[in-house]
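Have a look at the structure below, then the notes.
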Amino acid sequence: MTVGIIELLTIFVLAAFVGNEVVSKVPSILHTPLMSGTNAIHGIILVGTMAILGQAQGDVQTILGFLAVLLATLNVVGGFVVTDRMLEMFKAKPSDRPAKSAGTPEEPGQGGATS
Amino acid sequence: MTVGIIELLTIFVLAAFVGNEVVSKVPSILHTPLMSGTNAIHGIILVGTMAILGQAQGDVQTILGFLAVLLATLNVVGGFVVTDRMLEMFKAKPSDRPAKSAGTPEEPGQGGATS
Amino acid sequence: MSLLTWVDLVYLLAAIGFILALKGLSSPKFARQGNMLGAGAATLAIAMTFTIPSVRHAGSRLILMVVAMIIGTAIAVPAARRVKMTAMPQMVAIFNGVGGGAAALVSMTAFLILTSHDSFTGKPAVYKIVEVILGILIGCVSFSGSAIAFIKLQELITGRPITYPAQQVINAFVGIAIVGLAVATVLTANVALLVVMSVLALVLGVIFVLPIGGADVPVLISLLNSFTGLAVAASGFSLGNNLLIIAGTLVGASGILLTRMMSKAMGRSLANVLFSAFGSVVTASGGADGAGADARPVKVGTPEDIGVLMAYARKVVIIPGYGLAVAQAQHTARELADLLTERGVEVFYAIHPVAGRMPGHMNVLLAEANVPYDELKEMDEANPELATADVALVVGANDTVNPAANNTPGSPIYGMPIIHADLAQHIVFLKRSMRPGFAGIDNELLYDPKTTMLFGDAKDTLTKLVAAVKSA
Amino acid sequence: MSLLTWVDLVYLLAAIGFILALKGLSSPKFARQGNMLGAGAATLAIAMTFTIPSVRHAGSRLILMVVAMIIGTAIAVPAARRVKMTAMPQMVAIFNGVGGGAAALVSMTAFLILTSHDSFTGKPAVYKIVEVILGILIGCVSFSGSAIAFIKLQELITGRPITYPAQQVINAFVGIAIVGLAVATVLTANVALLVVMSVLALVLGVIFVLPIGGADVPVLISLLNSFTGLAVAASGFSLGNNLLIIAGTLVGASGILLTRMMSKAMGRSLANVLFSAFGSVVTASGGADGAGADARPVKVGTPEDIGVLMAYARKVVIIPGYGLAVAQAQHTARELADLLTERGVEVFYAIHPVAGRMPGHMNVLLAEANVPYDELKEMDEANPELATADVALVVGANDTVNPAANNTPGSPIYGMPIIHADLAQHIVFLKRSMRPGFAGIDNELLYDPKTTMLFGDAKDTLTKLVAAVKSA
Ligand SMILES: NC(=O)c1ccc[n+]([C@@H]2O[C@H](COP(=O)([O-])OP(=O)(O)OC[C@H]3O[C@@H](n4cnc5c(N)ncnc54)[C@H](OP(=O)(O)O)[C@@H]3O)[C@@H](O)[C@H]2O)c1
Ligand SMILES: NC(=O)c1ccc[n+]([C@@H]2O[C@H](COP(=O)([O-])OP(=O)(O)OC[C@H]3O[C@@H](n4cnc5c(N)ncnc54)[C@H](OP(=O)(O)O)[C@@H]3O)[C@@H](O)[C@H]2O)c1
């Protein structure tokens, strides 16, 4: 906790630019998974809750810390699992399907989705 | 100078992502001005040379610092001026020209350049 | 290097992992790998956290920690595995809310630790308190706001905008009270003030979300997601933890952008989504639409007519909308499409970006029903094809095919891009009534001579169509 | 807040300014504003630096500082104002070199201060020395490499790759010596070792650049630009200065990307650009090409023939290349284009991304000659138009219109996108001889029945064409 506030601010500003730039061209087809995936990422607050519970003194702080760890675990575990489930379905899978007229190519579908 | 190396490393990594993301879609028409413009940006080393000359002790350090300030000034001043000169010409200017058949629109030229 | 430096290095690695995960999630090809990379980065960071002395030597609190994590995992995994794809928005809302709650609790405990530690050296630095307050405020709003969003989407309360007398006055009062308490807390570092402020922040989350209509809630969730990110970043400031700052800010910044992109896809501004009820009180039932609707004749078809029409068509485009999600008719729609394909009819789905209950949601629903990618076309790709389609089968969609968006300036949806069902030879609407869609405006296309209506719940009518096609 | 925190805050603002400047520079619309924003950010940061106590109270050294800045400005402004646009690559090289030199000097002085300060407390931390060494190494290579690049481009020495016996052995020796000295310096923190290492790094810069052919030098300058950025970032680490780290890293990262994009536009890998002489020793004159060239007949035209051809054409496409830049014929080309336009001929320029002496350079040259934007077409835009063109006037270009890139697998330029001059009704080449271009390979198009050659320096032949069109 000895790090200068300016360094933290700098990191904040740079991370904001990175987040903004990276997401700026995502296609609408991915809005839902992206929302859910970023939701999982902020579950990393779990790391903070662990540190807090580790340092907690007295019952109040311990209870708050315990609750925090519990909630953060829900967020991070649930977030990544649900996103994965969603994305798992996001693929061309002509093989699972009843016979289709032509051997439908896999790539065009995905390529079209990006455009 | 008491800042932790980790913070500096973090800033480095994030800045690298920002640089990469921002430049990743520049059209080839701007390669030369972009090269010259980034060249000017690293001229900010001038700030470092000033700090060094300020702290210099003894003749050797003072001479090195003096040289450094001089070189850095060349970089930053020359870099921005030359880039500006280049970009100044980068515009549609049908007005300077001898009468052209049709009233050439300004935008299409620039729009085409981005594509 | 000391152990703590190693921890910090691993945190930096995890942060890089999150950035790459976000890059992956932004492209359809690498989305799944991206998510897995993110999960890996999180696991790494969590594992490393166990080596920090204050955690490692926490004794009974270490046991509590592990217990909390086991309980959390035991709840989260089955919930995430079993949730129906149609209930995705609720699920995201709840995971987001707990994250916000955790961030608020971290900031709160950090405040307690801060004030108890510093009791001998005097008041802690102002900016430390400001960081804590920001974390608590944003986290609490996100927590209670997400909870209300969940309740709305789960239809435990009405999805309609909830308004009540003196709403503006109450909002203003809560807002001013929070600001006042925040300032007072900064000045006094008093715990009681902080607790009252936290409670009011929870209230603010509730009254912020109540007036927002059900169909706008997904956009809201994206915004609250962004809030939680910022709350996490604020906790990162309090704890001096770079990883939390980076991960939180990434989510905060990308969430805000995503929210704006969603509003744009709906042809509206973010402010409009959040602060106007957008006439959806009028929408839900009765009133103006009944009058306008009944006045003019519409063509109503039987399932058999329409079954024959489709069975002998060359190209059928299915345009799914919000109603398909509500009726959970995606599997039946797929059955119909398969049947038609087997008969040699060319079938594909035209997906509007804001069809369904949340942006991109229709893709997820249809993917769940095993509809392969190559039958889904995005709006821009589908529109040129519609001119050559024999039948446009509009299943529970309305606004997203309403020509008023193109040709009626002043209409609330004017300017929103639509799917051009109107270009097809025949248009079939599967809906329950003549009631308008979310935007609450009449749809001229329902009265078009080319249009046939088939009233009823989408799942029922689709089942009937399947039977009709089979016997055609 | 202390003064130093204020300085840091202003530095952060300047860093944000640089990021926005970079964003601006990446889009044609905001490039100029972006550059101005960058200049403003730099000015702000420099002004703020004067308030730092160690600078403010530096006494005589403060005067020296101001003197150095005045001298630097007095040299840089006129140089930057007067330089010819064709000499742009040299100018960028020299500004880049001095920046690298400055960064190296900063790191060197930081090392001296470090070792003198710490003389009583023992050796400074290892990572501090590593930072310094990196700054010096990269800065020195950038400095001497840029100097050689300047000398090559200014044609003070030959632009051809310079090779000499035992080149590999010497390079390896220098490389190993530098690594050894670096390790020794880390272990001993000895100044003498550092000085020797710096000198060897200067040598490395020279021997790294000498074997690179003149036409590849622009790509190299982009790489060295990136190096200087990294050297600045390394100085930032030594000084604990965030602004230097951010600005340097931005330039370093974007420079590497830019370098790769340039190589890609040339249809080659970066390694190929840097480490292979790419057969350009064969290129320059004589040898294989002479034999192949003389064996087959070519059609040679007179300026009058070609003047008439163009004067009565409907559409003329001018394809400028390296030779136009060398001959500095851009103004004459513009004169010709204006003349044709006045006669009602449709004229535009088709610009290949790697035409000229550096990527995008041709745009700058033509812009300088007052050619408006709307007459410049990028390759992808121009190619469809060439099929309907009456005349493709190829001025000092060769590789960029060579069909071998499309249809001769194994050719060194195979895979590079070209401008399809071959689709035009008539093709006119203005060049001095039958010699090949930079890639050193024959161009079938020169022997095409549709092709007319007009030999001579591009400026001369264009002047003759202007006269011919006038009298046509
Ligand atoms: N996707 C998003 O992210 C999102 C977010 C917020 C807002 N929105 C808004 O939501 C709208 C979405 O457009 P949309 O065309 O998909 O939907 P819509 O315009 O809201 O229309 C949905 C239609 O489905 C019908 N319906 C409802 N339940 C049904 C059932 N069980 N069976 C059959 N039909 C049923 C309704 O008519 P009946 O009542 O007559 O059956 C209604 O007309 C747009 O205005 C968009 O701006 C979208
Ligand atoms: N732009 C870049 O960034 C860049 C960087 C590195 C490498 N390159 C490479 O450079 C090449 C560029 O292609 P390019 O088509 O522009 O040029 P090129 O293929 O190198 O051909 C240039 C032609 O101009 C002629 N020429 C030279 N001086 C002339 C003069 N004074 N008057 C008239 N003609 C003259 C030469 O023929 P004579 O000798 O017969 O006159 C030569 O054939 C590509 O291979 C590219 O990969 C480009």
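In what follows, chains are A, B, ... by sequence order, proteins preceding strands, each numbered from 1.
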* To do: Start with the C-alpha distance between C:Met65 and C:Phe50, add both sets of side-chain angles, then the distance that settles side-chain contact (heavy atoms from CB on, under 4.5 Å), and finish with yes or no.
  => CA-CA 10 Å; C:Met65 197 180 298; C:Phe50 276 111; 4.2 Å; yes
* **Residue A:Val76 versus chain C: region with a heavy atom under 4.5 Å** => side chain
* In terms of heavy-atom pairs under 4.5 Å, which option from A:Val81, A:Leu64, A:Ile41 contacts chain C the most? -> A:Ile41
* To do: Quick one: which of C:Val55, C:Ile94, C:Leu244, C:Ile256 has the most heavy-atom pairs under 4.5 Å with chain A, could you say?
  => C:Leu244
* **A:Ile44 side, atom CD1; A:Thr49 side, atom OG1 - distance, nearest 0.5 Å** => 9.5 Å
* **Sequence-distant partners of C:Glu335, salt bridge (Lys or Arg N to Asp or Glu O under 4.0 Å), two or more places apart** => none
* Asked: Checking A:Asn39 side chain against C:Val92 main chain: does a donor-acceptor pair fall under 3.5 Å?
  -> yes
* Using non-hydrogen atoms and a 4.5 Å limit, figure out which bit of C:Met88 sits close to chain A: side chain, backbone, both or neither. => side chain
* Let me know if C:Arg343 has heavy atoms under 4.5 Å from chain A in its side chain, its backbone, both or neither. => neither
* Kindly compute the distance separating CZ (A:Phe12) from OG1 (C:Thr249), expressed to the nearest 0.5 Å. => 5.0 Å
* Option in C:Met108, C:Met262, C:Arg81, C:Arg260 with maximal non-hydrogen atom pairs under 4.5 Å from chain A -> C:Arg81
* To do: Counting only heavy atoms closer than 4.5 Å, note whether C:Tyr11 contacts chain A via side chain, backbone, both or neither.
  => side chain
* Structure fact -> Applying a strict 4.5 Å limit to non-hydrogen atoms, the region of C:Ser235 in contact with chain A is side chain
* Mind running side-chain contact (heavy atoms from CB on, under 4.5 Å) on C:Asn363 and A:Thr32 for me, showing each step along the way? => CA-CA 9 Å; C:Asn363 297 289; A:Thr32 292; over 6 Å; no
* To do: Flag the one option from A:Thr83, A:Ile11, A:Leu46, A:Asp84 with the top tally of heavy-atom pairs under 4.5 Å to chain C.
  => A:Asp84
* Structure fact -> One option among C:Thr43, C:Thr73, C:Asn241, C:Thr259 has the most heavy-atom pairs under 4.5 Å with chain A, and it is C:Thr73
* To do: Could you tell me whether the side chain of A:Ile52 reaches within less than 4.5 Å of the side chain of C:Ile113, counting heavy atoms only?
  => yes
* Asked: Can you tell if the side chain of A:Gln57 reaches within under 4.5 Å of the side chain of A:Thr62, non-hydrogen atoms only?
  -> no
* Output the option from C:Gly344, C:Ala102, C:Ala253 having the highest count of non-hydrogen pairs under 4.5 Å with chain A. => C:Ala102
* To do: With a 4.5 Å cut-off on heavy-atom pairs, point out which of A:Ser36, A:Ala40, A:Ala56 contacts chain C the most.
  => A:Ala56
* Structure fact -> Pair count under 4.5 Å, heavy atoms only, with chain C: among A:Val77, A:Val13, A:Thr38, highest is A:Thr38
* Which residue out of C:Gly24, C:Ala74, C:Ala58, C:Ser254 racks up the most heavy-atom pairs below 4.5 Å with chain A? -> C:Ser254
* Check: A:Val23 and C:Leu250 side chains under 4.5 Å, non-hydrogen atoms -> no
* Out of A:Ile45, A:Leu70, A:Val26, A:Val69, which one racks up the most heavy-atom pairs below 4.5 Å with chain C? -> A:Ile45
* Would you indicate whether the side-chain heavy atoms of C:Val371 and C:Leu376 approach each other to under 4.5 Å? => yes
* Salt-bridge test for A:Glu88 and A:Arg85: reply yes if a basic N is under 4.0 Å from a carboxylate O, no otherwise. => no
* **Top of C:Val106, C:Thr109, C:Leu105, C:Asn225 for chain A proximity - count of heavy-atom pairs under 4.5 angstrom** => C:Asn225
* Name the region of C:Ala79, side chain, backbone, both or neither, that has any atom closer than 4.5 Å to a heavy atom of chain A. => neither
* Checking heavy atoms, do the side chain of C:Leu62, its backbone, both or neither come under 4.5 Å from chain A? -> neither
* Considering only heavy atoms and a distance below 4.5 Å, find which of A:Ala16, A:Ala72, A:Gly37 pairs most often with chain C. => A:Ala16
* Asked: Stepwise, does the side-chain contact (heavy atoms from CB on, under 4.5 Å) test hold for C:Asn96 with C:Ser142?
  -> CA-CA 8 Å; C:Asn96 181 56; C:Ser142 187; 3.6 Å; yes
* With a 4.5 angstrom heavy-atom cut-off, which part of C:Met379 approaches chain A: side chain, backbone, both or neither? -> neither
